[in-house]
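Below is one structure, written out as structure tokens; comments come after it.
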Amino acid sequence: MRKPRYNIEIKHFLPHRPPMLMQCKTPYLDGESVETHFEVTSENIFTNIKGEFTEGGLIELAAQTCSSITGQDFFKDDDIKGIGNKVVGYISAIKKAEVFLLPKIGNLLVTKATLINRFDTGDMTMCTISSTTFRNDDLVVDCTFNFLIHEVPR
């Protein structure tokens with residue numbers, strides 16, 4: 001089991017780049033769970049003209065949060081900058097996505113994800129991960145994904 005990591009920059013471990021990268025704070029990440037904090041901003045491409053964070057943005061935020069659980073295993077423990085490797089992840093299925101409300105610009109969203117199952121082939125990891133996102137005590141979105149994550153040669 002992977003040792004817990006605290007206050008890391010998961011952006012170093014994701015293949016996303018702006019404008020798709022969600023700039024999240026990650027107070028906790030271990031081998032089976034993660035928590036991220038994300039503030040909705042007007043600059044985000046998933047913010048609509050009404051000042052709401054859209055359904056697509058909520059699902060993308062959840063997916064990026066989830067993928068960090070297994071994606072981190074492609075990096076050495078002391079590689080806190082994510083420079084020792086390059087990984088690519090794919091959502092192979094959205095098994096569930098229930099959106100309950102659209103947060104507004106300035107809202108802080110807390111996403112918690114938990115690994116349900118995982119299968120490693122050596123070069124690739126296939127997994128199922130569930131997540132919930134909250135604004136204060138309000139459930140915003142509840143998702144379950146299947147992912148394929150693999151290393152890309154540098």
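Just so you know, these numbers come straight off a predicted model, no measurement behind them. Side-chain atoms are counted along with the backbone in the values below, which use heavy atoms only and exclude waters and symmetry mates.
Residues F38 and L108 do not share a hydrophobic cluster, defined by chaining ILVMFWY side chains whose heavy atoms lie under 4.5 Å apart. Cluster annotation: I105 is connected to V99 through the hydrophobic network of ILVMFWY side chains, with a link wherever side-chain heavy atoms come within less than 4.5 Å.
When every heavy atom of S131 is checked against every heavy atom of A62, the shortest pair comes out as OG-CB, 3.4 Å. Among all heavy-atom pairs drawn from I69 and G31, the shortest one is CG2-O, 3.4 Å. Minimum interatomic distance between I149 and S67 (heavy atoms only, all atoms of both residues): CD1-O, 3.8 Å. Considering every non-hydrogen atom in both D30 and P4, the closest pair reads CB-CA, 3.9 Å. Heavy atoms only, all atoms of each residue included: L115 and N117 are closest at CD1-O, 3.4 Å.
Between H37 and E35, the side chains place a donor N or O and an acceptor N or O closer than 3.5 Å (distance only, hydrogens not considered). Looking at N146 and T128, their side chains do bring a donor and an acceptor atom within 3.5 Å of each other. No donor-acceptor contact under 3.5 angstrom links the side chains of T65 and T111, judged on distance only.
Screening residues 120-146 for ring pair (Phe, Tyr, Trp, His ring centres under 6.0 Å) gives F145-F147 as the qualifying pairs, with residues at least two apart or on separate chains. Residue pairs meeting the ring pair (Phe, Tyr, Trp, His ring centres under 6.0 Å) criterion with at least one partner in residues 90-131, sequence neighbours excluded, are Y90-H150.
Proximity of L61 to C24: side-chain heavy atoms (C-beta onward) are separated by under 4.5 Å at one or more points. Residues M124 and L148 meet the side-chain proximity criterion, which asks for heavy atoms closer than 4.5 Å. Within the 4.5 Å cutoff, side-chain heavy atoms of I94 are placed close to those of I59.
No donor-acceptor distance shorter than 3.5 angstrom exists from the side chain of T125 to the backbone of D120, with no hydrogens or angles considered.
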Test log, rule side-chain contact (heavy atoms from CB on, under 4.5 Å), inputs D142 and K96: CA-CA 7 Å; D142 186 12; K96 177 173 88 172; 2.8 Å; yes
Criterion side-chain contact (heavy atoms from CB on, under 4.5 Å) on C66 and V34, from CA distance to verdict: CA-CA 7 Å; C66 289; V34 64; over 6 Å; no
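Checking T133, D137, D138 one by one against R135, the side-chain hydrogen bond (donor to acceptor under 3.5 Å, both in side chains) holds for a single residue, D138.
Note: T70 OG1 to I129 CD1 = 4.5 Å, rounded to the nearest 0.5 Å. Rounding to the nearest 0.5 Å gives a distance of 13.0 Å between SG of C143 and NZ of K95. In this structure, the separation between CG on N107 and CG on N136 is 7.5 Å, given to the nearest 0.5 Å.
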Mind listing the side-chain donor-acceptor pairs of residues 44-58 below 3.5 Å, one per line with the distance, residues two or more places apart or on another chain?
unit_1 : atom_1 : unit_2 : atom_2 : d
N44    : OD1    : F46    : N      : 2.7
T47    : OG1    : T41    : O      : 2.9
T47    : OG1    : N44    : O      : 3.4
N48    : OD1    : K50    : N      : 2.9
N48    : OD1    : G51    : N      : 3.2
N48    : OD1    : E52    : N      : 3.0
N48    : ND2    : E52    : OE1    : 3.0
E52    : OE2    : K104   : NZ     : 3.4
T54    : OG1    : F46    : O      : 3.0
T54    : OG1    : G57    : N      : 3.4

